Number of protein chains: 2
Amino acid sequence: MMRTRTMSGGGAGRESGSTAGLALSRSRQDYLKALLQLADRSPAPVTALARHLGVSAPSVTHMLARLADERLVSLHHRGAARLTPEGSRQALRIVRRHRILETFLVRALGLDWSDVHEDAEVLEHHVSERVLDALDRFMKHPTEDPHGHPIPDARGRVARRALAPIGELPAGARAVVREIRDRDRARMTRWKQAGLVPGAQLVIRAANRDDDVYEIEVAGRRLVTGSEGLDGVLVQRVGRRAT
Amino acid sequence: MMRTRTMSGGGAGRESGSTAGLALSRSRQDYLKALLQLADRSPAPVTALARHLGVSAPSVTHMLARLADERLVSLHHRGAARLTPEGSRQALRIVRRHRILETFLVRALGLDWSDVHEDAEVLEHHVSERVLDALDRFMKHPTEDPHGHPIPDARGRVARRALAPIGELPAGARAVVREIRDRDRARMTRWKQAGLVPGAQLVIRAANRDDDVYEIEVAGRRLVTGSEGLDGVLVQRVGRRAT
DNA sequence: CCCCGATATTAGCCTTGACTAATCCTCAAG
DNA sequence: CTTGAGGATTAGTCAAGGCTAATATCGGGG
């Protein structure tokens with residue numbers, strides 16, 4: 001089953017266009033990154049990938065078939081896909097690039113925390129290994145990006161941490177913000193203005209899960225909010241012992 | 001004459017793929033840059049462009065037709081082309097990007113002078129205006145890149161300078177190296193090792209144009225060489241009054 | 001048991017940019 | 001005047017990635 005096209009073709013054989021060392025086209029890199037996020041526990045369905053990547057479902061099916069041919073993903077029940085070990089390695093290399101770039105843009109160039117994602121998203125596909133290493137060196141080998149995400153090391157290892165969404169803490173808990181998940185600039189900016197930034201300490205004053213009302217004290221200020229989006233703020237409990 | 005295809009097509013209308021603000025595909029940007037270099041005085045012939053860009057002549061003809069449709073180049077006798085004012089503006093924007101990037105890679109990241117061209121060549125197409133401005137700011141608005149080329153300002157203005165190839169100087173002349181033209185890493189490295197870098201002072205000890213032998217004193221050292229390539233070293237005479 | 005609705009896939013196209021092969025000009029030398 | 005050598009151009013393809021429209025296919029309700 002599946003086409004097994006040789007992809008060598010006749011005369012030309014252009015390279016895929018300056019994808020900076022990795023022999024993967026930009027599109028492939030994006031698919032692998034998406035899979036890293038979406039197929040974390042179980043295989044990601046075609047539709048979810050399509051939504052995430054902003055392309056049509058048939059495009060996803062098609063590309064997944066090619067990636068499977070290239071042994072970068074494995075296909076599962078009803079088209080769902082996940083990364084092979086090799087695909088995972090590649091995806092982590094891209095994530096590393098992304099996070100180093102974000103760190104650079106914020107720390108060195110002084111760009112805004114919540115703006116920087118788009119730029120990194122583009123540059124991650126085009127920065128050569130040499131420049132990437134130089135950036136890394138320039139910043140003294142950072143281990144976290146500006147949102148608090150761990151930066152994979154050059155071999156793709158990520159420090160695993162046990163973090164919880166803010167909404168899961170009981171009233172009275174103390175915690176430190178560790179990670180802010182992107183994907184929605186507006187929300188990120190709101191949190192930032194509320195003081196919810198990596199490193200900030202907070203106390204849950206009240207958590208009413210039924211009515212979806214949370215009252216949090218951050219950096220001395222009170223913040224009352226629904227949970228909408230609060231799941232993007234990952235914290236580490238302190239003070240009391242862990243759940 | 002010429003096709004006048006509407007290029008709107010049917011359903012989709014993808015954008016051209018992250019070309020950082022300018023609405024020009026990467027390929028178009030490369031063509032414009034090539035024209036800026038090759039069609040400086042007279043229109044550049046198709047073959048010269050093809051050689052410069054590493055593509056076939058038909059590809060050039062084809063692309064020039066499209067660029068002409070878009071009013072970025074004007075076509076002349078026997079297919080030769082030159083930039084329109086608008087094309088020129090665009091090309092200079094790209095050159096500005098390139099030179100700012102090179103300057104950054106050398107000055108801030110400490111990469112090697114003669115290595116940096118390739119990286120800048122790729123990144124110039126993908127760095128957003130925002131990041132470019134930040135880099136420019138970071139380096140305090142440099143006016144020359146590491147090879148001594150002037151960096152166009154944000155509106156495309158370049159400081160015009162009257163420089164001469166080293167081989168044109170008479171024996172006895174004193175001069176300061178101002179610009180090193182790229183395009184051949186090996187030669188650039190040779191010059192660099194010989195001390196021919198922007199800012200270096202030199203004296204022509206002997207210039208025998210007939211036998212193509214030049215003897216130059218740079219930074220205290222003697223350098224005897226043929227002219228091959230010396231035309232890439234542009235200098236400004238000092239001491240005696242200009243020719 | 002049949003049909004609906006959500007998903008996935010197949011078919012067929014489009015656009016970009018490049019390629020080769022085959023012409024077509026144009027000019028200069030015999 | 002003819003021929004030939006260089007360009008330049010036309011014609012026809014290709015590969016990557018995307019898209020739409022039209023099918024499958026699977027999992028439940030009624």
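Chain identifiers are assigned alphabetically (A, B, ...) following the order of the sequence lines, protein sequences preceding nucleic acid strands; residue numbering begins at 1 within each chain. Keep in mind it's a predicted model, so treat the numbers as computed, not measured.
- Going from atom CG of A:Leu64 over to atom C1' of C:dT9 covers 12 Å, rounded to whole Å.
- Both A:Met63 and A:His77 sit near DNA chain D, but only A:Met63 has its closest nucleotide nearer the 5' end.
- For the OP1/OP2 pair of D:dG18 and a distance below 4.0 Å, the side-chain nitrogens and oxygens of A:Ser27 include at least one atom meeting the criterion.
- Under 4.0 Å is where a charged nitrogen must lie from a carboxylate oxygen, and between A:Asp30 and A:Arg26 at least one such pair does.
- One atom, NE2 of B:His125, and another, P of C:dG17, lie 12 Å apart when rounded to the nearest Å.
- Comparing D:dG18, D:dA8, D:dT9 by their nearest atom to the side chain of B:Pro58 picks out D:dT9.
- Within the 4.0 angstrom heavy-atom criterion, only backbone atoms of the sugar-phosphate kind lie near B:Thr47; the bases stay farther away.
- Inspection of the A:His147 and A:Glu179 side chains reveals no N or O donor paired with an N or O acceptor under 3.5 Å.
- The B:Arg28 side chain lies nearest to C:dG17 when the options are C:dA21, C:dG17, D:dG18.
- Of the candidates C:dT9, D:dT9, D:dC19, C:dT9 carries the atom nearest the A:Val46 side chain, counting heavy atoms from C-beta on.
- For B:Leu49 and D:dG7, the CG to C1' distance is 13 Å, given to the nearest whole Å.
- A straight line from CZ of A:Arg66 to C1' of C:dT9 spans 15 Å, rounded to a whole angstrom.
- The aromatic ring centres of A:His117 and A:His98 sit less than 6.0 Å apart.
- Across D:dT10, C:dA18, C:dA8, the shortest atom-to-atom separation from the side chain of B:Ser59 is found for C:dA18.
- Considering only residues two or more places apart in sequence or on other chains, A:Arg89 meets the side-chain contact (heavy atoms from CB on, under 4.5 Å) condition with A:Glu86.
- For the OP1/OP2 pair of D:dG18 and a distance below 4.0 Å, the side-chain nitrogens and oxygens of A:Tyr31 include at least one atom meeting the criterion.
- The backbone N or O of A:Leu72 lies less than 3.5 Å from a partner atom in the side chain of A:Thr84, making a donor-acceptor pair.
- In this structure, A:Leu75 places its CG atom 12 Å from P of C:dA8, rounding to the nearest Å.
- The distance from atom CZ of B:Arg26 to atom P of C:dG17 is 12 Å, rounded to the nearest whole Å.
- With salt bridges taken as basic N to acidic carboxylate O contacts below 4.0 Å, none links A:Arg107 and A:Glu102.
- D:dG18 atom C1' lies 12 Å from atom CG of A:Leu53, rounded to whole Å.
- Between the two ends of the helix from C:dC1-D:dG30 to C:dG30-D:dC1, each summarised by a five-pair axis, the helix axis turns through 40° (rounded to 10 degrees).
- When A:Gln29, A:Arg99, A:Lys33 are each tested for a side-chain hydrogen bond (donor to acceptor under 3.5 Å, both in side chains) with A:Glu124, only one passes: A:Lys33.
- For the pair A:Arg78 CZ and C:dT7 C1', the interatomic distance rounds to 5 Å; values are reported in whole Å.
- Residue contacts for B:Ser56: at a heavy-atom cut-off of 4.0 Å it reaches a base atom on one of the strands shown.
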